[in-house]
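The structure appears right after this line, and notes come after that.
Atoms within a ligand are numbered from 1 in the order they appear, just like the ligands themselves.
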Amino acid sequence: MTAAIYLVKGREKSLRRKHPWVFSRGISKVEGEPRLGETVDVYTHDNQWLAKAAYSPTSQIRARVWSFEKQEINVDFFVKRLEDALLVRQEIIERDGLTGFRLIAAESDGLPGITIDKYQDYLVCQLLSAGAEYHKTNIVKALTIVFPECHVYERSDAAVRKKEGLEERMGVLHGDEPPQSVIIEENGVKISVDIVGGHKTGFYLDQRDSRQKSIKYVKDKDVLNCFCYTGGFGLYALKGGAKRVINADVSQPALDTAKYNAEINQFDISKKRAVFLNADVFKLLREYRDQGTLFDVVIMDPPKFVSSKNNLTSGANGYKDINMLAMQILKPGGTLLTYSCSGLMGTDLFQKIIADAALDAGRSVKFVERFEQAADHLTDSAYPEGFYLKGFACKVL
Ligand code: SAH
């Protein structure tokens, strides 16, 4: 018999609105002895059936809903979710000619804890919840049914797995080991993705639309691309006719790939038109400021500084610091393209941080454009937390 959980009175409200999380403090009773990741039935305090969910005994989010309909969670269920994910992305994939895209954006695609990116014929999975781990075989089977030509690789080497009581894992789940370089194309720019050795699943697909929008700010400009990873914005700047692009990151493998990416696109990187600098951005910005080195455009796309509510303040200070420094090294009339991928920091707070940075920098700052995560990183109407990436184009006087 399927195990069951019963909610504290009133705690059914968010589930009735199709939000997929059940917190540990919202549960009054557990019936049966569900194992890690096992499927349980969720009931209200007065025995009304609500959902099928995956049980996570060690996590604050004690259960994640698979379905609000009475159905088995099996291969067919995952096939349907994959087909739905493709259906809602079809236009975007065709319109933008994508050979690399986010296929499954976890909760936003009705698959809590599961991220799947597709790079050519390689499907790269991050299985981050107990339920995802429990159903791994079903998920892989479903992937091979919907994408018979594809290889499946796991990149579940993320620290958040600990909260779910899971070990970090990576390796082939189906088909072949990925080669060191899988080349995808977005907006006419070729990008080499290292699925096994790269960050996350290999590439930051979420900035695709913002990278494309950045092109209009760079023609004949002197550009500083901070936290460049494998080139990203810097490649688009070269495409857009920047006079010079300095790409800075602390990861040498990422910088090597960035240079390789510039080469496979046949961008002219002679005469120091493109520089790939192994540097800590926090220090580099101070050095430029102290030397009085100025740029026309500064791109600021740092890693996530806010990983939990507990470090919201320190994360906010980090964003303020780098944005203040960026403003200080911009010529009057220069452009700051600045982003935050911290989901726990809303757009309003990020805008306030930029305003504070402007005060500290002693510069006048005008917002001229807003950005968000690429269209394939869609959000479900019942799950606003799916929106995490925001950015601004600012003119700095
Ligand atoms: N803009 C990139 C993605 C950036 S991801 C794109 O469009 O693809 C964040 C990057 O910041 C990672 O490559 C990481 O190596 C780098 N990083 C983290 N801390 C850093 C620091 N203190 N200085 C420089 N780079 C850093």
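- Here the protein heavy atom with the shortest distance to atom 23 (N) of ligand 1 is V281 N, 2.9 Å.
- Of the charged side-chain nitrogens involved, at least one lies within less than 4.0 Å of a carboxylate oxygen, so that D84 and K80 count as a salt-bridged pair.
- The atoms of ligand 1 that sit less than 4.0 Å from any heavy atom of G232 are 7 (O).
- Protein heavy atom nearest atom 10 (C) of ligand 1, with residue, atom name and distance: D249 OD2, 3.5 Å.
- Residue A279 approaches ligand 1 through these ligand atoms, each under 4.0 Å from one of its heavy atoms: 23 (N), 24 (C).
- The distance criterion of under 3.5 Å between nitrogen or oxygen atoms is not met by T230 with respect to ligand 1.
- Close approach of ligand 1 to S251 (heavy-atom distance below 4.0 Å) involves ligand atoms 15 (O).
- For ligand 1 and F233, the ligand atoms under 4.0 Å from any heavy atom of the residue are 1 (N), 7 (O).
- Among the atoms of D280, some N or O lies under 3.5 angstrom from an N or O of ligand 1.
- A salt bridge (charged side-chain N to carboxylate O under 4.0 Å, His left out) with R102 is found for one member of D117, D206, D109, D376 and no other, namely D117.
- Residues K52 and D41 are paired through a salt bridge, judged by an N-O separation under 4.0 Å between the basic side chain and the carboxylate.
- No hydrogens or angles considered: nothing links the side chains of T230 and T257 as a donor-acceptor pair under 3.5 Å.
- By the 4.0 Å N-to-carboxylate-O rule, K136 lies close enough to E133 to be salt-bridged with it.
- For atom 4 (C) of ligand 1, the nearest non-hydrogen atom of the protein is F227 O, 3.2 Å.
- K118 has its side chain within reach of F147: a pair of non-hydrogen atoms, C-beta onward, lies under 4.5 Å apart.
- Looking only at heavy atoms of the protein, atom 1 (N) of ligand 1 is closest to D301 OD2, 2.6 Å.
- Atoms of ligand 1 lying under 4.0 Å from any heavy atom of P303, numbered from 1 in the order shown and given with element: 9 (C), 11 (O), 18 (C).
- M324 and L330 fall within the same hydrophobic cluster, where Ile, Leu, Val, Met, Phe, Trp and Tyr residues are linked whenever their side-chain heavy atoms come under 4.5 Å apart, directly or through other members.
- Within the 4.0 Å heavy-atom cutoff, A254 does not count among the residues contacting ligand 1.
- Nearest protein heavy-atom neighbour of atom 25 (N) of ligand 1: V250 N, 3.3 Å.
- A salt bridge is absent between R89 and D96; no separation between the charged side-chain nitrogens and carboxylate oxygens falls under 4.0 Å.
- Applying the salt bridge (charged side-chain N to carboxylate O under 4.0 Å, His left out) test between D296 and each of K331, K395, K221, R244 identifies K331 as the sole match.
- The distance criterion of under 3.5 Å between nitrogen or oxygen atoms is not met by C228 with respect to ligand 1.
- The residue from R211, Q207, H199 that puts a heavy atom closest to atom 7 (O) of ligand 1 is R211.
- Checked against a 6.0 Å centroid threshold, the rings of Y339 and F233 count as neighbours.
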